[in-house]
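As structure tokens, the structure follows; a few thoughts come after it.
Numbering of residues begins at 1 and proceeds along the displayed sequence.
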Amino acid sequence: MKSTAYYDQNADALIDQYGALNADDVHRAWAATHLPKEPGFACDIGAGSGRDANWLAEKGWEVVAVEPSAMRNKAAATTHPRVTWLNDALPGLNALRALGRRFDLILLSAVWMHVAPKDRERAFRILSELLNPSGLLVITLRKGEDEHENAARGFHPSSADELIGYANQRAVAFKGRTEADDLVRSHVRWEALVFEMPDDGTGSLPLLRHVIVNDNKSSTYKLGLLRVLVRIAESAPGIVITRTDDYVDIPFGVVGLYWIKQYRRLVDRGVPQLPGKKTGYGWAKGAFYQLMKEISPSDLRLGASFDADRGEVVTRAIADACRNIKAMPARYITYPGSPDQPVFECDMKTVRRPRKHVVLSKRYLAKFGRFRIQGSLWQTLGQYACWLDPVIVREWSQMMTGWGVADARNQGSSALDWQEGTRDTKIAIERAEALRDDGFDLTCVWSASRIRSSFQIDHCFPWARWYNNDLWNLLPTKVNINRSKLDKLPSSLAMSDARTHIIDWWSEAWEHSAQSERFFMEAGYSLPGLSGHRPSLDEIYQATLHQRARLKQDQQLVEWSAPRRG
């Protein structure tokens, strides 16, 4: 991708220059024929001044604006509420891919000439993998040379034939091309190429359907592992250790942890997990049963801390689960027609007995080894989690019923409920009361009005739709406001209006409190794009916007508009 030096040094002038042109005029040629009438989810790569991202947002699109230069911060200050900015660049788009999303429209306007020829095939492949079925990829190519600009901005020659060739390799349909004059320079013209992902672009769904429905199963372990991975991909995208173009690695320990969370109720109720007289719980040893007695499901969360004694119990229980996962489902879940080619790779390591307290952090869970998943499969697990989970549970329940086990018929359904604890706002209520007693002006984040009497704690992203009790997700609200919001997702405008009050609450309640480490750790694991460093509160807020859009897209949630302020 381009060096950002020129764009960093000339950010103000370029923003004025780009902003002086009307986006409707710039994109009229291709948009008139190809821009969908119904808005969806778009990504503007090389967004620059934000002109095109705002243009799409005004038409109703939810837009991720990707820009690596200093123009990003300046443009974000006046952006449309439906635009969320991201610091990233071609060819890798690592931060964008980490969001776990696909798009109905990807726009590269005056960007492709910045991509070095050696990187273009990879860049096009990554772009195609970010498209939804029927999604459009629009790339504009500059025609007309300017040696001064080429040197200053790092332009490379490009051609339509090159792009069409990449599309053919990826089975992406070429829909057409248009040409238009540059609105300022007489020696420059622009050629827009439009590509479409075929309707049958189902990603990894056929593979998952094969494992869930068709694959031979002697126990529930294959379904159990898939469900665990679905839950991790949906709820903890920040747990990824490394990401390449083809694979993601997650800590093996987090797979073992979620395995324990999933099976503990089934073990407690004695519901068999294989046909015959055996229960199928040979992996559940002394540490697991001690854990069941001493540690609640809500304490088995990412970021939880245990003293040395309980930490040893948790460590041994996770290790036992990982050994079983490696020996059984990870070994026998294979590609259709390739019984010797496992879908998942896992490398298990021995974890020493802890000498001090244990925190269920990414670093600790990685001590158990690494679990490797194909990148496109990880994307599918997270994007379609709300649809995959009930399919897995239904197949699981039918398996147990087919074995003729009475307990399975009577208890299997409720025993398969995922144990994430219950909706819990106690810690946030106590913190809000303590702050108010100390003189802090407690404010309803959604109405911006001071809370003088009773209040409630709202799950910003509703518990009924996304099981998450993280501290960042718990916000003080007035009672009537919370009742009006119920289980709806806050709109992009509601989030934009509440930004200052959300960040102020996080700062006062958690940033420098005894819960600070928990706050930042939870945000880093459950929100996309924050892994690898301690984020600022503004970065956490930006990550919530990405997660909001992801929930809206994946679950088609009803949006809630906050009451008008003032």
Side-chain angles (χ1 to χ4, degrees), residues 36 38-43 60-64 82-84 86 93 95-106 129-136 197 199-209 212 226-240 243 248 250 258 373-394 418 420 459-468 470 472-473 487-492 494-495 523 525-530 542-560:
E38 290 296 322
F41 298 88
C43 183
W61 292 79
E62 295 270 355
V63 187
V64 175
R82 278 194 286 269
V83 176
T84 307
L86 190 67
L93 294 174
L96 181 63
R97 289 189 289 143
L99 299 182
R101 297 180 57 194
R102 290 192 177 101
F103 300 94
D104 304 306
L105 171 66
I106 298 177
E129 291 171 352
L130 289 166
L131 284 173
N132 274 322
S134 299
L136 296 182
M197 176 62 71
D199 288 336
D200 60 353
T202 51
S204 299
L205 286 176
L207 172 60
L208 291 172
R209 186 181 186 281
I212 295 169
L226 281 188
R227 193 183 187 204
V228 159
L229 296 176
V230 165
R231 286 285 175 169
I232 296 171
E234 179 193 34
S235 65
I239 205 66
V240 171
R243 181 188 301 271
V248 297
I250 63 176
Y258 274 60
I373 306 168
Q374 190 181 72
S376 59
L377 179 55
W378 174 257
Q379 160 79 27
T380 300
L381 290 170
Q383 182 175 4
Y384 296 103
C386 62
W387 315 113
L388 288 169
D389 189 77
V391 172
I392 294 172
V393 169
R394 183 169 62 249
W418 189 263
E420 284 290 354
H459 280 72
C460 178
F461 302 148
W463 171 267
R465 302 291 180 249
W466 193 53
Y467 298 144
N468 184 288
D470 289 355
W472 62 265
N473 197 35
D487 293 333
K488 298 183 180 70
L489 186 71
S491 68
S492 55
M495 290 292 294
Y525 295 157
S526 61
L527 293 173
L530 293 178
Q542 291 297 321
T544 65
L545 299 184
H546 289 302
Q547 181 62 21
R548 190 206 72 84
R550 182 183 179 188
L551 290 171
K552 178 185 176 183
Q553 181 176 13
D554 294 351
Q555 299 193 32
Q556 302 297 306
L557 298 184
V558 175
E559 290 187 296
W560 173 78

For the atom pair [atom1] ([X]) and [atom2] ([Y]), what is the distance rounded to the nearest 0.5 Å?
| X | Y | atom1 | atom2 | value |
| --- | --- | --- | --- | --- |
| Leu131 | Ile106 | CG | CD1 | 4.0 Å |
| Leu381 | Ile373 | CG | CD1 | 6.5 Å |
| Leu208 | Trp387 | CG | CH2 | 16.0 Å |
| Leu86 | Gln542 | CG | CD | 9.0 Å |
| Leu557 | Leu489 | CG | CG | 5.5 Å |
| Leu99 | Arg550 | CG | CZ | 8.5 Å |

May I ask you to decide if [Y]'s main-chain N or O and [X]'s side chain share a donor-acceptor pair within less than 3.5 Å?
| X | Y | value |
| --- | --- | --- |
| Ser491 | Ala494 | yes |
| Asp487 | Ala464 | no |
| Gln379 | Ala98 | no |
| Gln555 | Cys386 | no |
| Asn473 | His459 | no |
| Arg102 | Glu129 | yes |

If you measure only the distance, is there a donor-acceptor pair under 3.5 Å linking the side chains of [X] and [Y]?
| X | Y | result |
| --- | --- | --- |
| Gln553 | Arg101 | yes |
| Gln547 | Asn468 | no |
| Ser204 | Tyr384 | no |
| Trp472 | Ser526 | yes |

Do the side chains of [X] and [Y] get close enough for a salt bridge, i.e. N-O under 4.0 angstrom?
| X | Y | value |
| --- | --- | --- |
| Lys488 | Glu559 | no |
| Asp389 | Arg227 | yes |
| Glu62 | Arg548 | yes |

Of all heavy-atom pairs between [X] and [Y], which one has the smallest distance, and what is that distance?
| X | Y | answer |
| --- | --- | --- |
| Ser235 | Tyr258 | OG-OH, 3.3 Å |
| Ala385 | Pro390 | O-CD, 4.3 Å |
| Gly382 | Ala233 | N-CB, 3.6 Å |

Does Arg82 have any salt bridge (charged side-chain N to carboxylate O under 4.0 Å, His left out) partners at least two apart in sequence or in another chain, and if so, which?
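Listed in chain order: nothing, the list is empty.
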Side chains of [X] and [Y], heavy atoms from C-beta outward: is any pair under 4.5 Å?
| X | Y | result |
| --- | --- | --- |
| Glu234 | Leu229 | no |
| Leu551 | Arg465 | no |
| Pro36 | Leu136 | yes |
| Ile250 | Trp378 | yes |
| Val64 | Val83 | no |
| Met495 | Leu545 | yes |
| Pro490 | Phe461 | yes |
| Cys43 | Val63 | no |

